[in-house]
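Every chain is numbered from 1, with letters handed out A, B, ... down the list of sequences. These values consider heavy atoms only, across backbone and side chains, with no hydrogens, waters or symmetry-generated copies.
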Number of protein chains: 2
Amino acid sequence: MGKRVTLSDIARHTGLAISTISTVLNGHAGTRIPSDTAQRVHEAAELLGYAPDPAARGLRTGRSGIIGFISDEVTVTRYASAMIRGLIDTADTADYVVVMSETDHREERLERALEVLRTRRSEGLLFGLMSARRIDLPPLGGAPAIVVNGVAEGVGSVLPDEERAGREAVEHLVRRGHRRLALIGRSDVHLDPAVSVTIGDRMAGIDAAMAEAGLAFEHEVEAVYWEPEVSHRGAAEILDHHPEVTAIIALNDRMALGVYQAAQERGLSIPADVSVMSFDDEQLASYLDPPVTTMRLPYLEMGALAMERLLESVVSGAPIPDSRMLVPIPLIERGSVREIRGPGTA
Amino acid sequence: MGKRVTLSDIARHTGLAISTISTVLNGHAGTRIPSDTAQRVHEAAELLGYAPDPAARGLRTGRSGIIGFISDEVTVTRYASAMIRGLIDTADTADYVVVMSETDHREERLERALEVLRTRRSEGLLFGLMSARRIDLPPLGGAPAIVVNGVAEGVGSVLPDEERAGREAVEHLVRRGHRRLALIGRSDVHLDPAVSVTIGDRMAGIDAAMAEAGLAFEHEVEAVYWEPEVSHRGAAEILDHHPEVTAIIALNDRMALGVYQAAQERGLSIPADVSVMSFDDEQLASYLDPPVTTMRLPYLEMGALAMERLLESVVSGAPIPDSRMLVPIPLIERGSVREIRGPGTA
DNA sequence: TTGTAAGCGTTATCAA
DNA sequence: TTGATAACGCTTACAA
């Protein structure tokens, strides 16, 4: 509907030439402060409701105002949405628009997405991963790019600060008097960069904090698949054979669920009988009873930061340093950790 | 990088004129089968890797190849992603690209999104809601539009077929010999179109199937907030005071979780002691132990269907009928319903 | 059957 | 300080 208002409408309205309007509206440094006709132009533009046509401008300048977002699987994930929101909002404030595509982990789909985006003259590429792994990217032909929640050769990336999160989780427990801890989820598999580039850091943070507190885990349950059934069994081991344990760290919320199930089966109460602390903060975490204290993966913030950096690079032309930007992982305190005021604790 | 291949490249390569190339490539009916130069043109296009520039084409034709997706809250939801995937994939096969925006339920954000999309000459609008409610939309100026998982005045919509789902859930239980049922979640609040336009249908389906089976619920627990704590208490009532009940229907998975918790507290096993059936099939449903049998809200399919209909309208120019298109809700059989082979059945 | 030319809305160069 | 003018890549009458 509503006919478009173009430069020539403003030209007609003001009696000036199209090129003049354009120059004024673009506030070009070259033609220093045209004068006060600028005033007239701006007023007319405002009055008529002028908005430049991105297609026309793009045709001329080669800049489309489009950022491509390519994700491996928007579908499965419980987090994607926060990341998407973060990046859309940031893009919008810079008058960029986000075009979405999904690869479903298939090479051909990736190629296709890249092709479409190239054809559309996308000015930047943002790759969003649903698990923080190392991925291979085809040559991007020099387009500014950034990876959120993952890493790729030669491309900058935004990651959660897992090392810090690991430390803080342990410190949180220690500060509350816990000294007999158990852990569920460590496994070598997660150390493979193709599986995860962050779990290693998380573990390092956990181990460092344990060492600093002069502690060692009473028991560790290995787990390759971080699902409830696995930790259910694991928690059973701990609860049955290590009654001295006062707190269990599960490396994700789904495994925390399993711990809850095992505790409930045994008539044990959380946190009265055993405290639980986990990672990720997916929706599930707040459904549990009591809701579990967990480290929140900052998807929204990562999305926003990545888009910010990407746009900086797009407008300045400066390349994004091929480094890892870390975003803090906040501790979300809920009801699953109790304070121990026992003997032996200062 | 890679310099763009344009029509004039092909022209130069074939010795033909640009307009000829364009005509051939667009397969225009007007100039009937140009001949076998078509061959040459296509070959050259292929060889050089030609792809039309959407900006240039759009500038000329007014068609941008963009569909705008506007969602109230991509963020919070556990489903959004499937819907997004459905619509992206469908758009892609028609060479359309999806631009995302989010309103966060705020009027100004909606206006802003609409404005951006209008400026970009979006050819169609797709509104995605995270709960199936009635919403108010500002005047759209005649642009083709459709609502997924919701309804709006004068706009076509795609909704899950809840009436059918309600019937099937009950029938599933009845077919397995259950005759003493309880329900958790009915409430008048959900009958308000501003809250839900589908729960009423779901209830109608449930009630109809119950009536057809000659049954009435042994007990019903009302619930306005469909959260685990609420159904936890509700299930306690049922389990403690209505031991004759063999199956509980929870109106969503989160409430099923509450039922599980109550059962576990009482040492009751699912499905041996009591069967559970729920709705939605969010991730949570498969984490439960045993995973709960539930009715899967078909977000992906709804997204795909909506995009399909929208594009049909966009290319044909025919308006989308202002009606409700229903997508079936499949029953996902998991382990929470047992077969009763008791006396009195059959 | 093929080619010429105008125009979509902008920007940028260069004169006036 | 302002204004013609060409060009971006494509489509489409219309002419050859």
Side-chain angles (χ1 to χ4, degrees), chain A residues 2-42 44-45 48-66 95 118-123 315, chain B residues 2-42 44-45 48-66 95 118-123 315:
Chain A
K3 345 178 62 65
R4 294 191 79 78
V5 178
T6 72
L7 285 183
S8 79
D9 291 322
I10 304 184
R12 193 171 326 116
H13 193 87
T14 57
L16 295 167
I18 289 185
S19 59
T20 307
I21 313 289
S22 173
T23 321
V24 171
L25 255 25
N26 287 319
H28 266 329
T31 326
R32 211 45 164 289
I33 328 155
S35 79
D36 64 354
T37 46
Q39 183 79 339
R40 272 165 62 209
V41 172
H42 281 117
L48 302 179
Y50 171 76
D53 182 331
R57 169 179 284 177
L59 184 57
R60 182 63 236 250
T61 64
R63 305 196 298 92
S64 62
I66 288 177
D95 276 319
R118 210 179 47 87
T119 301
R120 295 260 171 190
R121 291 190 140 98
S122 156
E123 298 183 48
V315 315
Chain B
K3 346 177 64 63
R4 294 190 81 76
V5 178
T6 72
L7 284 183
S8 80
D9 291 322
I10 304 185
R12 194 171 324 116
H13 193 87
T14 57
L16 294 167
I18 291 185
S19 61
T20 307
I21 314 290
S22 174
T23 321
V24 170
L25 256 24
N26 286 320
H28 266 330
T31 325
R32 213 45 165 291
I33 328 153
S35 80
D36 63 355
T37 46
Q39 183 79 338
R40 272 164 61 208
V41 172
H42 281 118
L48 302 178
Y50 171 76
D53 182 331
R57 168 179 285 176
L59 186 56
R60 181 63 236 249
T61 63
R63 305 196 298 94
S64 62
I66 288 177
D95 276 320
R118 211 178 46 86
T119 301
R120 294 259 172 190
R121 290 190 140 97
S122 156
E123 296 183 48
V315 314

In residues 49-57 of chain A, what donor-acceptor pairs under 3.5 Å come from side-chain atoms, sequence neighbours left out?
unit_1, atom_1, unit_2, atom_2, d
A/D53, OD1, A/A55, N, 2.7
A/D53, OD1, A/A56, N, 3.4
A/D53, OD2, B/R121, NH1, 2.1

Calculate the interatomic distance between [X] atom [atom1] and [N] atom [atom2]; express it in whole Å.
X	N	atom1	atom2	answer
A/L25	D/dT2	CG	P	14 Å
A/I21	D/dT5	CD1	C1'	17 Å
B/D53	C/dG9	CG	P	16 Å
B/Y50	D/dC10	OH	P	4 Å
A/L48	C/dG9	CG	P	15 Å

Pairs under 3.5 angstrom only: tabulate donor-acceptor contacts from the side chains of residues 14-21 of chain A to other protein residues two or more places apart or in another chain.
unit_1, atom_1, unit_2, atom_2, d
A/T14, OG1, A/I10, O, 2.8
A/T14, OG1, A/A11, O, 3.4
A/T14, OG1, A/L16, N, 3.2

Closest to side chain of [X], choosing from [options]:
X	options	value
B/T20	C/dG3, D/dT12, D/dT2	C/dG3
A/L59	D/dG9, C/dG3, C/dA12	D/dG9
B/R121	D/dG3, C/dT2, C/dG9	C/dG9

Please tabulate the protein-to-nucleotide N/O contacts below 3.5 Å involving nucleotides 14-16 of chain C, giving atom names and distances.
none

Check whether any side-chain N or O of [X] sits under 4.0 Å from OP1 or OP2 of [N], and answer yes or no.
X	N	result
B/N26	D/dT11	yes
B/T37	C/dT2	yes
A/S19	D/dG3	no
B/R57	D/dT11	yes

Contact list for DNA chain D against residues 5-18 of chain B - heavy-atom distance below 4.0 Å: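 Nucleic-acid contacts, sorted: B/T6, B/L7, B/I18.
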On a heavy-atom basis, which atom in [X] and which in [Y] lie closest, and how many Å separate them?
X	Y	result
A/E123	A/G65	OE2-N, 2.5 Å
A/S64	B/R120	O-NH1, 2.8 Å
A/R4	B/T119	NH2-O, 3.1 Å
B/H42	B/V24	CE1-CG1, 3.8 Å

With sequence neighbours excluded, what pairs up with A/S8 under the side chain to side chain donor-acceptor pair (under 3.5 Å) test?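 A/S8: side chain to side chain donor-acceptor pair (under 3.5 Å) contacts with A/T6.
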Reading DNA chain C from 5' onward, which residue's closest nucleotide shows up sooner: A/T61 or B/T61?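 Closest to the 5' end, via its nearest nucleotide, is B/T61.
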Do any pairs count as a salt bridge (charged side-chain N to carboxylate O under 4.0 Å, His left out) and have a residue in residues 6-16 of chain B, sequence neighbours left out, and if so which ones?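 Every salt bridge (charged side-chain N to carboxylate O under 4.0 Å, His left out) pair that includes a residue of residues 6-16 of chain B, provided the two are not neighbours, is B/D9-B/R12.
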